[in-house]
There are 2 protein chains.
Amino acid sequence: MFKCNEKRLEEKIKTFSTFGATGRGGITRLSLSPAALEARTEFCNRMKKMGAHIVTDDMANIYATIPGDEKLPWIMTGSHLDSVIQGGNYDGVLGVLTAMEAVETITTEKIPHRHPITVIVWTNEEGARFDPAMMSSGVITGKFEKEKMLQSKDTKGTAFKEALEASGYKGDIKNRMDPKNVKALFELHIEQGPVLDAEKKDIGIVEGVCGMVNYEFSFKGQADHAGTTPMSYRKDALFAASNAIIWLHNELDKLDSKLVYTTGRITCSPNIHTIIPDDVKFTLDARHQDPKVISQVVDIINKIPKEISKCEVSYEELWGRNTVVFNKNNVEAVAKAVDDLGYSSKRMYSGPGHDAQYAADVVPTSMIFVPSIDGHSHCEIEYTPVENCLKGANVLLNAILNIDAQ
Amino acid sequence: MFKCNEKRLEEKIKTFSTFGATGRGGITRLSLSPAALEARTEFCNRMKKMGAHIVTDDMANIYATIPGDEKLPWIMTGSHLDSVIQGGNYDGVLGVLTAMEAVETITTEKIPHRHPITVIVWTNEEGARFDPAMMSSGVITGKFEKEKMLQSKDTKGTAFKEALEASGYKGDIKNRMDPKNVKALFELHIEQGPVLDAEKKDIGIVEGVCGMVNYEFSFKGQADHAGTTPMSYRKDALFAASNAIIWLHNELDKLDSKLVYTTGRITCSPNIHTIIPDDVKFTLDARHQDPKVISQVVDIINKIPKEISKCEVSYEELWGRNTVVFNKNNVEAVAKAVDDLGYSSKRMYSGPGHDAQYAADVVPTSMIFVPSIDGHSHCEIEYTPVENCLKGANVLLNAILNIDAQ
């Protein structure tokens, strides 16, 4: 078994944590911002030193490739360097840093490998500056229309197109990942959830990305004065919505225990303490790896009473995504690496979306998760100890070599 | 029995509906705004024509007094001319217009009366431009510190003090209502609730203003990713808040059926559909005429579990007010007028606050309600048919004359 270098990986994490540092332990490194461009420069400089050939495509995705011993398709790995506002030092960037560390181990220790190995940096994964998330993996895998994406604007009115052209990273469309020329793609990521940490597992062997549905429920009541309207006359939309939330919990809790669902956003109108609410809406996000369970969720949604507490109930689907099942050969290459290294692990599905889920449609893909302490992510206290990061890098390195041997 | 003139009252309502008209049937006539000043000018001109002597006090409250046959204390009546944003043509202004109509009936028909009769226009009842509501009745009855009130600012940064000085209505502090010189005060108002309309009653004989408490409840959970956090790990503050709303309904519904309570405002943080809410707050407004019932409400609030759905529960009282019981002699003067006129009526307590509730602390006071169609108020569709307005004016006129005869 080959292993990466903990000190070297730690230095990478520390250095990249300075690009966009907030001064409170986290980073704000919005896509194509000056901080993100600093991180890209550092990435390119380091990859060049390892002997990588670097190209970018028309969406500014970066491909840094070290040659293999034979003329064969690429084995790819990587993630993203952009963050949310006041994000942490691990989400995305750790997938790039462990990829760099795996390649640095291969080049430093002159580990023989038949396939070229390409480290990829995807542009605008978070969607925190330019909506939507996973924009550039989405464009090159045919999920999003490029022209629409170029018009996406940040809060200052700058279009993605302008930021792209100003970045210096806009390359040729011909440089896009060619699915026929990709043997496998791995993305390492923090779990962004509490399971691995709570269950004291070193590695998540990610078998796919959960399917999801996202609905918005609306409750129409009547806005009347809090002080004058007898209780029996009321149509209180917040009371109706509260009842609906409880009802949904009761019904959804009967389904498979791996189902996760969230009522994360609520709006209330007029939202004045002395007026009975007449218009309340809340969202329901539900995720499960098995499409049958998602169907059961939709069945329950369709059974919600049309009237609750005298308020009119309606709902609409905001969006959904099908379950993505990762490539078995990739998953087993990861599992073998975990076993060979003697690490503890758990097979799991990803709840959040990742660039890998779009890539999975066109190239053999899977993911490797490392624990997030207390499950925190998208916040400054997001943390994964360097030992865990190293274990992730080791699994990534050996998964690549497992695929390389095939 | 003397009666007011329907056509004359209707003309008043129509004319005053033009000051600040939104063009959609309602008005925006914020306190001391140009629209409110137009209404004040019209009021003063008309009262002068009736032979009234007009003074204003240091809070720009207007007192328009017609002399009585004897040197006796005033009988006062009136309300306010300001409105909320996109308010209706009846809230407040109808109490001024019916007062004007009663005085016009007295002067036109030369109805003998021993006491001087004063129509009062209170400044800034709504608090919609300058917080708080009932500001000027509050100041002259010792509820609010005048210096603080003068500093109250509208959303454009204009202080009440500046608006007051620019208005031309700022008068001498010596002109404030002198409680020793007031025999009685009546305020006619729309009910702002659905009861009179639903029960087909002409008049509400208002015996007091309900006591109230207003609390805010807080629920502290943990913000985690919607897609990665198993249900059993969650601390969902919105789920906790929903459970608390249902719990409060269940408990409060056991109390007296005249209790009204409202959870009108809810805030949720971070309020993103893919994140479990970690901080949810909602308000509870509860009102009842009997302080014992309000105590029972507070007892229930104090019994709310400290933890709901693994979230920490806390609460604080935002404000409260004691029940105001109106002067019995006033109330019976109104009841006698209603009986003599043969109108249907209901004895009731006011849920909302009115200037009369502050006046009640220093002078014999009561209120007369007329129906609000469908209970609407503080909105453009607020409506009371002119026949109902006239009945209110007739009750007001005869209640004044009943007091005058004492």
Side-chain angles (χ1 to χ4, degrees), chain A residues 191-195 198 210 212 214 216 223-234 236 238-239 241-246 249 253 257-268 270-277 280 282-285 287 318 350-353 372 375-379, chain B residues 191-195 198 210 212 214 216 223-234 236 238-239 241-246 249 253 257-268 270-277 280 282-285 287 318 350-353 372 375-379:
Chain A
E191 182 199 348
Q192 294 184 266
V195 179
C210 282
M212 62 175 280
N214 199 287
E216 186 167 66
D224 284 309
H225 195 290
T228 56
T229 315
M231 298 312 287
S232 59
Y233 288 68
R234 296 185 176 212
D236 177 342
L238 181 56
F239 182 51
S242 301
N243 275 302
I245 287 171
I246 307 300
H249 272 259
D253 286 350
S257 66
K258 276 189 187 162
L259 173 72
V260 289
Y261 62 89
T262 307
T263 52
R265 187 177 70 207
I266 188 166
T267 56
C268 175
N271 215 32
I272 294 170
H273 55 84
T274 55
I275 300 183
I276 300 161
V280 174
F282 67 78
T283 55
L284 175 75
D285 172 296
R287 309 187 192 202
L318 298 184
S350 174
S372 301
H376 295 305
S377 80
H378 283 191
C379 56
Chain B
E191 182 199 349
Q192 296 185 264
V195 178
C210 283
M212 62 175 281
N214 199 288
E216 186 167 66
D224 284 308
H225 195 290
T228 57
T229 316
M231 298 312 287
S232 60
Y233 288 68
R234 295 184 176 213
D236 178 342
L238 181 56
F239 181 52
S242 300
N243 275 303
I245 287 172
I246 306 299
H249 272 259
D253 286 349
S257 65
K258 278 191 187 162
L259 173 70
V260 289
Y261 62 91
T262 306
T263 52
R265 188 177 70 205
I266 188 166
T267 56
C268 175
N271 216 33
I272 294 171
H273 56 86
T274 54
I275 300 182
I276 300 161
V280 174
F282 68 79
T283 55
L284 175 74
D285 173 296
R287 308 186 193 203
L318 298 183
S350 173
S372 301
H376 295 306
S377 80
H378 282 190
C379 55

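Throughout, protein chains are lettered first and strands after them, A, B, ... in sequence-line order, and every chain is numbered starting at 1. Computed from heavy atoms alone, side chains included, the values below leave out hydrogens, waters and symmetry copies.
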Could you tell me which portion of [X] (side chain, backbone, both or neither) has an atom closer than 4.5 angstrom to a non-hydrogen atom of chain A?
X	value
B/S242	both
B/I275	backbone
B/H249	side chain
B/I266	both
B/Y261	both
B/L318	neither
B/N243	both
B/R265	both

Find out whether [X] and [Y] are in side-chain contact, i.e. whether some heavy atom of one side chain is under 4.5 Å from a heavy atom of the other.
X	Y	answer
B/T274	A/R287	yes
A/F239	B/T263	no
A/P230	B/P194	yes

Any idea which heavy atoms bring [X] and [Y] closest together, and the distance?
X	Y	answer
B/C268	A/G264	SG-O, 3.7 Å
A/A226	B/T262	CB-OG1, 3.2 Å
A/V195	B/T228	CG2-O, 4.1 Å
A/H273	B/D285	O-CB, 3.8 Å

Rounded to the nearest 0.5 angstrom, the CD1-CD1 distance for B/I245 and A/I245 is 8.0 Å
Report the option among [options] that has the most heavy-atom pairs separated by less than 4.5 Å from atoms of chain B.
options	result
A/E191, A/M231, A/M212, A/Q192	A/M231
A/P352, A/S232, A/P277	A/P352
A/E216, A/K258, A/R234	A/R234

Checked B/T283, B/T229, B/T267, B/V260 vs chain A; the most non-hydrogen pairs under 4.5 Å come from B/V260
| said: I'd like to verify something: which residue of B/C379, B/G351, B/S377, B/G353 has the highest number of heavy-atom pairs under 4.5 Å with chain A? | reply: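 Result: the option with the highest number of such pairs is B/G351.
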